[in-house]
Amino acid sequence: MSELLQRLVATVVGPQHVSTAAADLADYAPAGTPPPGDVVVWPASAGEIAQVLEVAKGNGAALLAVRRGTRRRAVGSTRPGSAPRPARPTVLVDQRRMTSVLHLDETSLVAHAQAGITGRALEEVLGRRGLTLGYFPLEAFALPLGALLARRRPELAAARVGPIHGACLGVSAVLADGLVVHSRVAPRHAAGPDLLQLLLGCEGGLGIITAAVLRVRRIPESRTLSAFAYPTVPGALEAGVECLRRGARLAALRVYDAADAARCLGDGGAEGPDVPAAGALLVCCCAGPTELAAAEARVLADAAKAFGGSDVGAAPAEHWWRRRTDSEEGPAAKDPDALVLPAPLPALAPLHAAVVSASTAAHARCRVSIARLHRGGGCVLVTLEGDKRSRERAHDRILEAAATIVGEPCDPLREATAALRAVLDPGDIMSPGSLAVAPC
Amino acid sequence: MPPAAKAGLVDALAQALDRTRISSAACDRTAYARDLWPRGLIGVAHGDVAPSPPDVVVWPETTAEVAAIVKVAVARGVPVVPFGAGSGVTGATWPTHGGIMLDLKRMNRFVALDGDALTATFECGIVGEHLEHELVRRGYTMGHFPSSIFCSTLGGWLAARSAGQASTRYGKIEDMVQGLEVVTGSGQVVRTGTSTVGPDWNQIFVGSEGTLGVITEATVRIARAPEVQLMRGWEFARPSAGLEAIRRLLQRGLRPAFVRLYDEIDTFIAHLGTSGPWRGRAGRRAPGPDGALDELRRAALSLAIPHVGPLARAALGLFDRVSRSGCLLVLGYEGDRALCTAEEQVGNAELVRAGGRDLGPAPGLRWLEHRYDISYKQSKVFHDGAFVDTMEVATTWEHLLEMYEAVKRAVGRHAMVMAHFSHAYPEGCSIYFTFVGGSSSRREAERIYDACWRDGLHAALGASGTVSHHHGIGLSKAGFMQEHHGELMAMLRALKRVLDPAGIMNPGKLGLP
């Protein structure tokens, strides 16, 4: 069957853009697990994906949108390695050839790009024009747009925009019946439900996103960085959140506990911050027109002082900003003992307390930051230290605590989502096994 | 509604709620037979006051009652039309298939406020003015100020994807919604919350105009009550200059609350409505506050005279003065004092650079004082045998002037048309066209009215615009949904099948069966 599928798909995309080789397929599987499909295809357009879909349907095969290179997870899975391997032949669709910027509208500040382009590649194109997607965590830029938008990722948020899918104004997608659809691009509309929201976060289960239109912004003309030390983490967090509540549109802010501040900001040519032993450091970036950035910095300073903070100068914040823009966002993002726990604003302080408590109970040490703050929420970033067993125990306890405080990933209308899939994709062709989560 | 379905309906509903909150009296059925869709108001002016009466009106007080009512309707195959305050202008609550009119106004309770999360929860029948009062007295605001705020409800705002006058700062209603309680078309009660997996159900029910279910409760984002409000008027020679200034200002990162740029005709009309110190380019002292409406009525009556070319008359009577009036921009900041002061300083410099003339605070304050007036004075126009309606469309900045010219040209073939630009965003803006026309014959007036919408919306869509920015679809734009959404309409039809399998929820709206 694989050979037949390969031959048929090759008539659509050309033989050089389809493979059944084990080495190629292995790129799409978690290390040590079998590949999630039998054939991988690298189409060049939405039209080709629609034709590949027809081939798959005609041969009883499924279609799974994937991305290559990570060997960690497929787009359609909700947890690493959790997507069940379909019982039937499966065609993997990797849009790595679909990397064009189709239109850059510098008047409206929107970029239209194919789904295979990575955030980093798009950011390079934008940067040459003095534009940017925004101050998202750098790990967001490692993903292709299609993967970025196929799942809701509350952890990939920027202070002014919130989660990254909030920057999406429109998409093109291939539906299960082979239609290529394009949502109308507009700043806002009142033309019924926002149907775009059926495709964002649908894990390829209701359609494969092939292109997206994203809001972009001008690189700010000035930036003001500041840092304040606090006796406690909750105090620092409250000061930062107070700024957001007052309406300051900060570009980025982060709270380090003393251990994380010492580890992340205490080397690399800058002086280590003067943070009390059990205290915290609030770092903040105000960006935009010079006068406005300065006014926001003043609001921040007022709030900082009102919540017991002391100004420690800009050096730690400058160090933070270099780390943030020059590399991945600190060790929490890539360390296997790191946890990224998104939560609504009111849940961040209890979650932080629960993390510290769970680590202590497990006899592990932890370093904690609270980052990616926006008016809807933020993330507690945890790095565990200590012996392996303690770390593993702490890891599990922290996840249990987070599930209690924040809840598990869920779909409040899971049955409706399943029914919708059944209507739109009666043959269960598109990313089988996706969207299979517990109800809220 | 088929007689078989109708028989015994009141008795069946009495199992769901108290009989005193059920009515099939002629006066109630007449009162709920239409909303404020101007096409219906043309009919009213000719004596057709109840074009589409429901069979029964119900006033539930709890979500459980709503669910029970919907289940009765499902069992009997009876349509259900959710109703807020009836201020809609698209016919979205016209019970065209009869059935049950479900008025939510008794579900008007304030439920909760979370000052840490900056969210508040209300039942959806609460009238906008009351909702805002509940927040203001606790030190907060929703920041949602539609011109219908005195006669529209939270549920109506959500159902139609409403926008308020401060949308540039606070967003539209869809930007504010955090969670919903909904009774689906099968009578199931669901809570949407924040989806982390799968569709964002908040954004599916918002804008659904009662076709997928009844929104009974909502949690919305709120803000602290503003410390300061800084209003100011500016004058630009042409709309294009004013729009360029707004675009640059927003794309630099400023977020004024109020942004309204009036084109030359709308400026002239707005100018007639002022008695403040601003004289504009024409240098004339403005008449009293009702001047704008008087001028509109005169223009409308002029257009209604059958044997003179309307544009020629308009040109004679009005447009000779318009070209000298320039374009008025009203801009206002609100929120934290220090931040707003800095924003205004940066914004003022940008507007001066773009060629704006600073008119001081008076035009802005004047607008703020009278911002809800105009909607309540339109009945005079209909009384005189003419009609007035508004068409609110939006697009990105790249296409905005093209859309402005195209719609103005298309509608201008049939009626007098003016526009203002409001609800501005970094990536685009809405245009609010007001058109006035008429005929002494109802049939001819409706023909002209339909032609305005048909040609205007085709022009908007052809220029990459939307069919609506914040009034919704209802009956008036149902025929344009396919053109707006294209093949994505298949997904809306699928949603309808899933959430309203019996097809009872507000049938005939949104281009759905």
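So you know, we letter chains A, B, ... as the sequences are listed, proteins then strands, and number each from 1.
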Legend entry - Proximal component of P289(A), with respect to chain B [non-hydrogen, under 4.5 Å]: both

Legend entry - Partner chain A: residue of D114(B), D175(B), L254(B), V467(B) with the largest heavy-atom pair count (under 4.5 Å): D175(B)

Inset, instruction - Side chain from CB out, backbone as N, CA, C, O: work out which of these in L200(A) comes under 4.5 Å of a heavy atom of chain B, or both, or neither. - result: backbone

Legend entry - Part of R191(B) lying under 4.5 Å from any heavy atom of chain A: backbone

Legend entry - Flag side-chain contact, heavy atom, 4.5 Å: Q251(B) against L109(A): yes

Legend entry - Distance-only side-chain donor-acceptor flag, R421(A) / S434(A), under 3.5 Å: yes

Legend entry - Top contributor to chain B interface from G201(A), S108(A), P163(A), P220(A) [non-hydrogen pairs under 4.5 Å]: S108(A)

Inset, instruction - Measure the CD-CG distance between E343(B) and L339(B) for me, rounded to the nearest 0.5 Å. - result: 7.0 Å

Legend entry - Side chain to side chain, T211(B) and S208(B), heavy atoms closer than 4.5 Å: yes

Inset, instruction - Could you check which of H470(B), R221(B), R497(B), E350(B) has the highest count of heavy-atom pairs closer than 4.5 Å to chain A? - result: R221(B)

Legend entry - Side chain to side chain, I209(A) and V174(A), heavy atoms closer than 4.5 Å: no

Inset, instruction - Please look at T184(B) and chain A and tell me whether the side chain, the backbone, both or neither of the residue comes under 4.5 angstrom of a heavy atom of that chain. - result: neither

Inset, instruction - Go through L292(A), D302(A), V216(A) and name the one with the most non-hydrogen pairs under 4.5 angstrom from chain B. - result: L292(A)

Inset, instruction - Tell me, for A223(B) versus chain A, whether the close heavy atoms (under 4.5 Å) come from the side chain, the backbone, both or neither. - result: neither

Legend entry - Interface moiety of L179(A) toward chain B, non-hydrogen atoms closer than 4.5 Å: side chain

Inset, instruction - To the nearest 0.5 Å, tell me how far E244(B) CD sits from L400(B) CG. - result: 11.0 Å

Inset, instruction - State whether the number of non-hydrogen atoms from other residues, nucleotides or ligands found under 6.0 Å of R493(B) atom CZ is greater than 12. - result: yes

Inset, instruction - Measure from the ring center of H471(B) to the ring center of Y432(B) and say whether it is less than 6.0 Å. - result: yes

Legend entry - N202(B) portion near chain A, given a 4.5 angstrom heavy-atom threshold: neither

Inset, instruction - Please look at L206(A) and chain B and tell me whether the side chain, the backbone, both or neither of the residue comes under 4.5 angstrom of a heavy atom of that chain. - result: both

Legend entry - H189(A) and H484(B) aromatic centres sub-6.0 Å: yes

Legend entry - Most contacts with chain A, counted as non-hydrogen pairs under 4.5 angstrom, among A490(B), C340(B), G465(B), A349(B): G465(B)

Legend entry - Portion of E334(B) that has a non-hydrogen atom of chain A nearer than 4.5 angstrom: neither

Inset, instruction - Flag yes if more than 12 heavy atoms outside R248(B) fall under 6.0 Å of its CZ atom; otherwise flag no. - result: yes

Inset, instruction - Tell me, for E238(A) versus chain B, whether the close heavy atoms (under 4.5 Å) come from the side chain, the backbone, both or neither. - result: neither

Legend entry - Side chains of D200(B) and R152(A) in contact at under 4.5 Å (non-hydrogen atoms): yes

Inset, instruction - With rounding to the nearest 0.5 Å, note down the distance linking CZ in R169(B) to OG in S167(B). - result: 12.5 Å

Legend entry - Between T119(B), T466(B), T341(B), D116(B), the one whose heavy-atom pairs under 4.5 Å with chain A are most numerous: D116(B)

Legend entry - Segment of R188(A) engaging chain B (4.5 angstrom heavy-atom cut-off): both

Inset, instruction - Select one option (side chain, backbone, both, neither) describing which atoms of R246(A) are under 4.5 Å from chain B's heavy atoms. - result: both

Inset, instruction - Please flag which part of C429(B) lies under 4.5 Å from any non-hydrogen atom of chain A: side chain, backbone, both or neither. - result: backbone

Legend entry - Region of F480(B) that comes under 4.5 Å of a non-hydrogen atom in chain A: neither

Inset, instruction - Sort out for me which of R218(A), R215(A), R245(A) touches chain B most, counting heavy-atom pairs under 4.5 Å. - result: R245(A)

Legend entry - Proximal component of V206(B), with respect to chain A [non-hydrogen, under 4.5 Å]: backbone

Legend entry - Under 4.5 Å from any heavy atom of chain A - which part of E174(B): side chain

Inset, instruction - Supply the atom-to-atom distance I215(B) CD1 to E209(B) CD, rounded to the nearest 0.5 angstrom. - result: 10.5 Å

Inset, instruction - Can you tell which part of L510(B) gets under 4.5 Å to a heavy atom of chain A, answering side chain, backbone, both or neither? - result: side chain

Legend entry - Most chain A-contacting option - heavy-atom pairs closer than 4.5 Å, from M491(B), E427(B), H485(B): E427(B)

Legend entry - More than 12 heavy atoms from other groups under 6.0 Å of CD on E415(A): no

Inset, instruction - Tell me, for L499(B) versus chain A, whether the close heavy atoms (under 4.5 Å) come from the side chain, the backbone, both or neither. - result: side chain

Legend entry - S422(B) side-chain N/O to V259(B) backbone N/O, donor-acceptor pair under 3.5 Å: no

Inset, instruction - Please determine, among Q197(A), R160(A), E296(A), the option with the most heavy-atom pairs under 4.5 Å with chain B. - result: Q197(A)

Legend entry - E408(A), CD atom: more than 12 neighbouring heavy atoms under 6.0 Å: no

Legend entry - Selection from G428(B), G198(B), G115(B), G171(B) maximising heavy-atom pairs under 4.5 Å formed with chain A: G198(B)

Inset, instruction - Find the one option among L413(A), T290(A), L199(A) whose heavy-atom pairs under 4.5 Å with chain B are most numerous. - result: L413(A)

Inset, instruction - Please examine the side chains of K477(B) and L457(B), heavy atoms only from C-beta on, and report whether any two atoms are closer than 4.5 Å. - result: yes

Inset, instruction - Quick one: which of G247(A), A416(A), A186(A) has the most heavy-atom pairs under 4.5 Å with chain B, could you say? - result: A416(A)

Legend entry - Interface moiety of H165(A) toward chain B, non-hydrogen atoms closer than 4.5 Å: neither

Inset, instruction - For the residue pair L118(B) and L244(A), establish whether any side-chain heavy-atom pair is separated by less than 4.5 Å. - result: no

